[in-house]
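Per chain, numbering begins at 1; letters A, B, ... match sequence-line order.
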Number of protein chains: 2
Amino acid sequence: MTTKRSYQQYCGLASALDVVGERWTLLIIRELLLGPARYSDVLANLPGIGTNLLAERLKFLVQRGVVRQVDLRGTGAQLAYELTPAGEELRPLILGLTRWGMEFVGDPRPEDALRPRWGFLAAEAMLDPTKVSDRHERYEFRVDDQVFHIETSGGRARARRGAAVDPAMVAKTDAATFVQIGSGRLTPLLAMLTGHLVLEGDVGAVLRCCELLGLESASSRAVASRAVSARPASSAAAG
Amino acid sequence: MTTKRSYQQYCGLASALDVVGERWTLLIIRELLLGPARYSDVLANLPGIGTNLLAERLKFLVQRGVVRQVDLRGTGAQLAYELTPAGEELRPLILGLTRWGMEFVGDPRPEDALRPRWGFLAAEAMLDPTKVSDRHERYEFRVDDQVFHIETSGGRARARRGAAVDPAMVAKTDAATFVQIGSGRLTPLLAMLTGHLVLEGDVGAVLRCCELLGLESASSRAVASRAVSARPASSAAAG
DNA sequence: CTGCATCCGCCTCGATACTG
DNA sequence: CAGTATCGAGGCGGATGCAG
């Protein structure tokens, strides 16, 4: 066992990267942001990681106090990993990175892994706190088998797991479409027209939800403002 | 040239990490957050990176639209790299990571690189927007050869390069002490007593500045709340 | 002298096989 | 199910070469 590689800089950022900067680490933490998970759960959601790496990363994160092991049932079986408070503090940063990275997602390729559970974090990342309406209502999302909702109340918005009671809007879609909409590569309108998105409920609620998530709810000014991506997308996809 | 390694996940976070997740990349961007820099400047501030790696990273970041080359003087010489708007969007995330990583900085070791310029970002990261007093005043910092200041006005605080006009407070220290204070391993009081920190100016301003930066300005409740770090620090340093 | 490109030893990574 | 052991491949780190 050689001494762990470090940037050897006396600096907060370098120290942070010494803890969570290695390959796969932030993706492991993303999985744990969705709730406690067992070793094999994490492994299944991170295709390509290699079992030794996952074990090593988890051990290291536990040692640094970012992750801990918990006994979900009383029984000694069913061990799981969960984030410590220090790990939870990474949530806004990971959500911010997720939002930033949305500009870089391309078209879905067959070799890309895709998990509906990631949609929850994507939605959480897209929430714009400055755009919360003063209404108290809930928007429900059904991304493949995953169900979650956003609740607004008192000028604040929260994303929660599970179905919503009395949702003002329900959106049904698949994971690929959900990410494409979030990245601006697809508008809700276009997704509906192609049958990949089904919206139910009050029209006003749909518009407010789009506003809350920073989406082009309709109409003309659409795509242009988003087209800052690195590789010019040949020409408009609608072309 | 083999095809670039990717997480191959259709997800904003994975896409972000495909761009800025590789080793050294975020530290390169940190350097550019402090202003445009030439190749050799970046190289000098990142000991250990290896020249080929820096060139490759920069080229890749330019290709992805995160960094661009600029001609500082009109002359073709003096090329420099600077962040694009997309790169600038990483600032709050990097500042957040810097703050998060403060919990993990240990005692300064002789082999650790240390640059006074990093102090500027550290200060920016420590700024607590909820703790801005309503006064309009400036706090100046002299960290070794680097001079910068924080200006509060209209309930907002900004960090700026250079000396302050009519500063309400001036703090002189060295880079190691500055980071140690920021990480909570050292209080301003203790740093003053050991002669590593010199504070000048209005006492009230000093207290307000400490409040703004989340520092223990004095007194008793000190260190305890910070002691959530991974490895217990044997016992209190004051022992 | 700056700004890289090339080369090489080594360490990390990724995949498979194997064990409690 | 939850990892450990092993090994080939490739990314990394350091030294050197070279063009503008």
Looking only at side-chain N and O atoms, does [X] come under 4.0 Å of OP1 or OP2 in [N]?
| X | N | result |
| --- | --- | --- |
| B:Lys59 | C:dA5 | yes |
| A:Arg57 | C:dC13 | yes |
| B:Tyr7 | C:dC13 | no |

Go through the N and O atoms of the side chain of A:Asn52 and the base of C:dG14, and report whether any donor-acceptor pair is under 3.5 Å.
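Between C:dG14 and A:Asn52, which were checked side chain against base, a qualifying N/O pair under 3.5 Å is present.
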Which nucleotide in the set C:dA5, C:dG14, C:dT12 lies at the smallest distance from any side-chain heavy atom of A:Arg5?
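Output: C:dT12.
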From the options D:dG3, C:dC4, D:dG13, select the nucleotide whose nearest atom is closest to the side chain of A:Ala55.
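Closest nucleotide to the A:Ala55 side chain: D:dG3.
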I'd like to know if [X] pairs up with [Y] as an ion pair, taking the criterion as any Lys NZ or Arg NE/NH1/NH2 lying under 4.0 Å from an Asp or Glu carboxylate oxygen.
| X | Y | value |
| --- | --- | --- |
| B:Glu22 | B:Lys4 | yes |
| A:Glu56 | A:Lys59 | no |
| B:Glu140 | B:Arg142 | yes |

In Å and rounded to the nearest 0.5 Å, what is the OG1 to CG distance from A:Thr173 to A:Asp144?
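With rounding to 0.5 Å, OG1 (A:Thr173) is 7.5 Å from CG (A:Asp144).
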Atom [atom1] of [X] and atom [atom2] of [N]: how far apart are they, to the nearest Å?
| X | N | atom1 | atom2 | result |
| --- | --- | --- | --- | --- |
| A:Gln69 | D:dA2 | CD | P | 10 Å |
| A:Glu56 | C:dC13 | CD | P | 7 Å |
| B:Tyr81 | C:dT2 | OH | P | 15 Å |
| A:Leu58 | D:dA2 | CG | P | 11 Å |
| A:Leu61 | D:dG3 | CG | C1' | 16 Å |
| B:Leu53 | D:dT16 | CG | C1' | 17 Å |
| B:Lys4 | C:dC13 | NZ | C1' | 14 Å |
| A:Leu54 | D:dT4 | CG | P | 10 Å |

In residues 14-51 of chain B, which ones come under 4.0 Å of DNA chain C, going by heavy atoms?
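Residues of residues 14-51 of chain B under 4.0 Å from DNA chain C: B:Arg38, B:Tyr39, B:Ser40, B:Thr51.
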Indicate the ring-plane relationship of B:Phe148 and B:Phe120, choosing parallel, tilted or perpendicular according to the 30° and 60° boundaries.
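Ring orientation of B:Phe148 relative to B:Phe120: perpendicular.
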Can you tell me if B:Tyr10 uses its side chain to pair, donor with acceptor, with the backbone of A:Gly106 under 3.5 Å?
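Between the backbone of A:Gly106 and the side chain of B:Tyr10 there is a qualifying donor-acceptor contact (under 3.5 Å).
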Sidechain-backbone polar pair: A:Ser183 side chain, A:Glu103 backbone, donor-acceptor under 3.5 Å:
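No, the answer is negative, given that no donor and acceptor are paired below the 3.5 Å cut-off.
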